[in-house]
J.: 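Quick one: the structure is below, and I'll ask about it shortly.
Chain identifiers are assigned alphabetically (A, B, ...) following the order of the sequence lines, protein sequences preceding nucleic acid strands; residue numbering begins at 1 within each chain.
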There are 2 protein chains.
Amino acid sequence: MQAGSQEPPRPPTGPEIADWVRQRIRTGRFVPGQRLVEVDIIRQTGASRSKVREALKRLEGEGLVEIEEFRGASVRSSTLDEVRQIYRARMALEGMAMHDFTARADPAMIARLQDLQDQLDACVQDRAPDRFGRLNNEWHRLIVEGSGNKVIADHLQRLNVPIHRLLFESFYDEERLKTANADHRAMLALIVAGDADGAERAMRAHIGDGFETLARIESEFYS
Amino acid sequence: MQAGSQEPPRPPTGPEIADWVRQRIRTGRFVPGQRLVEVDIIRQTGASRSKVREALKRLEGEGLVEIEEFRGASVRSSTLDEVRQIYRARMALEGMAMHDFTARADPAMIARLQDLQDQLDACVQDRAPDRFGRLNNEWHRLIVEGSGNKVIADHLQRLNVPIHRLLFESFYDEERLKTANADHRAMLALIVAGDADGAERAMRAHIGDGFETLARIESEFYS
DNA sequence: ATCAACGATATTGTCAACAATCTCGTCAGC
DNA sequence: GCTGACGAGATTGTTGACAATATCGTTGAT
């Protein structure tokens, strides 16, 4: 047997713990307001306390958790207005990413996008909102990564964490599912045509509509 | 004598140390590549090691410093291409901020902007690029804060730190100084006219031009 | 003179013990 | 029953000692 197939339980590093927590916040395993007790995280990850504390501080810097003196960390909750602000920032940054993507897109990228688009179409046919949500995320990521702007990609990733759950929510509305997919198709056409400004406008409108739908669906959850 | 007039030398907190370092990076007191030795910062700030380490980790999360294992923290240096990406992100976010500002601006805000504009004009007359740079920063901050979007304001603040010095550099070119001021005047007119889309376009062009000038001036500093 | 090996010193990484504060159940008094 | 004081336990904050690694001058061989 190859040495190393039996993973030695190396204690996780600070950033790894941050990822661990981040993912649980994204997926709703940790909900807004929930307290994050150091000992619990230590037990579940096998990390040392220093590392856990480091990770929590890091997440505080990202605005994901709140730390009160002697009261510890808890998952920060967003108001509807803050979600709106996040969407506004997404419109700006993803719009710009789309602009640059369109200006740079080569046939290989477009082919990947086309492939993804076919799968998205299939999801609409099959009424598979969950799968659509995952592929939709991949679609957006492809645009952002393909824009060649790592700074924008990084800031967008941070913006997306607190609203990760919401990014799936709206696709359970079938009307929205169809509209969103039509948006994607239209954007693909604009990319192929090399219309960077048009593609940017379309992306901004697409994200703006996403928020409108969301605000209708979720308004009851916020004060 | 009032108690407290003699400040008790309370040891600085983590975020305060981060600010301290951040400012020195901004103002060029710490230059890219320079190593940040924990003991030195302890001596200069009076903080404990834990706090200093916390602050450095925080700054690493912001992308301002680089931490290598057992080698410590050093000020991260940006390539010209990364500066370009930052400017691209600024165009997107400040453009959006300008859009929202124009849509929300009330007479009081416009009056403050007008006042700032007069001072900027005076700087152009007096050929005071340094003062112009400071007021220019204030002008941009007024727009961003006035947009009512704290998320965008926060991300812009982070984007600006690594390029803080550069934000002043281009105004020593007199041609650029005049152009930038004319841009400001034109934007003010668009704000007053309530043309949000036009103001946004103007802001993006303004920032884009700023980078062009910069790239010409500074290209020698980058590989 | 050049270079590699070595070792003293400097610097960072980790951990565990202790201190400070909060939380929450309990109970006396009304 | 209600309220507020009290205290044990839980949780977080801080510090200092020690381990691991890097840095840099020295030395000796070629």
Side-chain angles (χ1 to χ4, degrees), chain A residues 3-4 7-25 29-77, chain B residues 3-4 7-25 29-77:
Chain A
E7 279 205 4
R10 171 181 61 83
T13 73
E16 282 169 354
I17 302 171
D19 275 345
W20 186 89
V21 176
R22 215 180 280 117
Q23 187 182 344
R24 309 222 155 194
I25 292 177
R29 177 77 185 69
F30 291 161
V31 297
Q34 181 169 348
R35 289 194 43 189
L36 302 174
V37 178
E38 294 175 358
V39 183
D40 294 344
I41 300 177
I42 291 171
R43 269 199 279 268
Q44 294 184 58
T45 62
S48 67
R49 197 150 89 96
S50 333
K51 299 294 183 183
V52 171
R53 289 176 64 78
E54 174 193 329
L56 290 174
K57 287 277 169 55
R58 197 177 285 260
L59 292 169
E60 185 195 23
E62 292 176 23
L64 265 181
V65 312
E66 229 168 3
I67 297 183
E68 289 171 286
E69 182 138 8
F70 292 112
R71 301 210 40 224
S74 53
V75 181
R76 218 169 74 79
S77 56
Chain B
E7 280 206 7
R10 171 181 63 82
T13 73
E16 283 169 354
I17 303 170
D19 275 345
W20 186 88
V21 176
R22 215 179 280 118
Q23 187 183 345
R24 309 223 154 192
I25 292 177
R29 176 77 184 67
F30 291 161
V31 298
Q34 181 170 349
R35 288 191 48 188
L36 304 175
V37 178
E38 294 176 0
V39 184
D40 294 343
I41 299 177
I42 291 172
R43 269 198 278 268
Q44 295 185 58
T45 63
S48 66
R49 196 150 88 99
S50 334
K51 298 294 183 183
V52 171
R53 288 176 64 78
E54 174 194 328
L56 291 174
K57 287 276 169 59
R58 198 177 284 259
L59 293 168
E60 184 194 24
E62 292 176 22
L64 263 182
V65 312
E66 231 169 2
I67 298 183
E68 289 172 288
E69 182 140 9
F70 292 110
R71 302 211 39 226
S74 53
V75 181
R76 218 170 73 79
S77 56

J.: Strictly below 4.0 Å, heavy-atom distances to any atom of DNA chain C: list the hits from residues 62-74 of chain A, or just say none.
T.: A:F70, A:R71

J.: Looking at B:G46 and B:P11, what are the two nearest heavy atoms and their distance?
T.: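 Looking at all heavy atoms of both residues, the closest pair is O-CB, 4.3 Å.
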
J.: Under the side chain to side chain contact (heavy atoms under 4.5 Å, CB included) rule, collect the residues that match up with B:S48, sequence neighbours excluded.
T.: B:S50, B:K51

J.: My understanding is that only residues two or more places apart in sequence, or in another chain, count here; which of them pass side chain to side chain contact (heavy atoms under 4.5 Å, CB included) with A:D19?
T.: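 Only A:R22 meet the side chain to side chain contact (heavy atoms under 4.5 Å, CB included) criterion with A:D19.
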
J.: How long is the span from the CD1 atom in A:I17 to the CZ atom in A:R53, to the nearest 0.5 Å?
T.: 12.5 Å

J.: Is A:Q44 atom CD crowded by more than 12 heavy atoms from other residues, nucleotides or ligands, each under 6.0 Å away?
T.: yes

J.: Can you list everything that forms a salt bridge (Lys or Arg N to Asp or Glu O under 4.0 Å) with B:R76? Sequence neighbours excluded, please.
T.: B:E82

J.: Who passes side chain to side chain contact (heavy atoms under 4.5 Å, CB included) against B:S77, sequence neighbours left out?
T.: B:P32

J.: Once rounded to the nearest 0.5 Å, what's the spacing between atom CZ of A:R49 and atom CD of A:E54?
T.: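 Answer for the CZ-CD pair, A:R49 versus A:E54, is 14.0 Å.
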
J.: Whenever both distances are under 3.5 Å in a Watson-Crick or G-U wobble pair, mark it; put DNA chain C into dot-bracket that way, with [ ] for crossing pairs and | when the partner is on another strand.
T.: ||||||||||||||||||||||||||||||

J.: Locate the shortest heavy-atom distance separating B:G33 from B:S74; write the atom from each residue and the value.
T.: O-CB, 3.9 Å

J.: Which residues satisfy the salt bridge (Lys or Arg N to Asp or Glu O under 4.0 Å) test with A:E60, sequence neighbours excluded?
T.: B:R58

J.: Decide yes or no on side-chain contact (heavy atoms from CB on, under 4.5 Å) for B:R24 and B:W20, but give the supporting numbers first.
T.: CA-CA 7 Å; B:R24 309 223 154 192; B:W20 186 88; 3.4 Å; yes

J.: Considering only heavy atoms, which members of residues 50-58 of chain B lie under 4.0 Å from some atom of DNA chain D?
T.: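 Contacts with DNA chain D under 4.0 Å: B:S50, B:K51.
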
J.: For DNA chain D, which nucleotides open and close the run of contacts to chain B, 5' to 3', at under 4.0 angstrom from a non-hydrogen atom?
T.: D:dT14 to D:dT23

J.: Please enumerate all residues that pass side-chain hydrogen bond (donor to acceptor under 3.5 Å, both in side chains) together with B:R43, with sequence neighbours excluded.
T.: B:D40

J.: Starting from the C-alpha separation in whole Å, work towards a yes-or-no answer on side-chain contact (heavy atoms from CB on, under 4.5 Å) for A:V75 and A:L36.
T.: CA-CA 7 Å; A:V75 181; A:L36 302 174; 4.1 Å; yes

J.: Tell me which donor-acceptor pairs under 3.5 Å the side chains of residues 65-72 of chain A have, and how far apart each pair is, sequence neighbours excluded?
T.:
from: A:E68; atom 1: OE1; to: A:R71; atom 2: NH1; distance (Å): 3.4

J.: Between A:L56 and A:I41, does the side-chain contact (heavy atoms from CB on, under 4.5 Å) criterion hold? Intermediate values first, please.
T.: CA-CA 10 Å; A:L56 290 174; A:I41 300 177; 4.3 Å; yes

J.: Let's see if you get this right: which residues in residues 35-44 of chain B place a heavy atom under 4.0 Å from DNA chain D?
T.: none

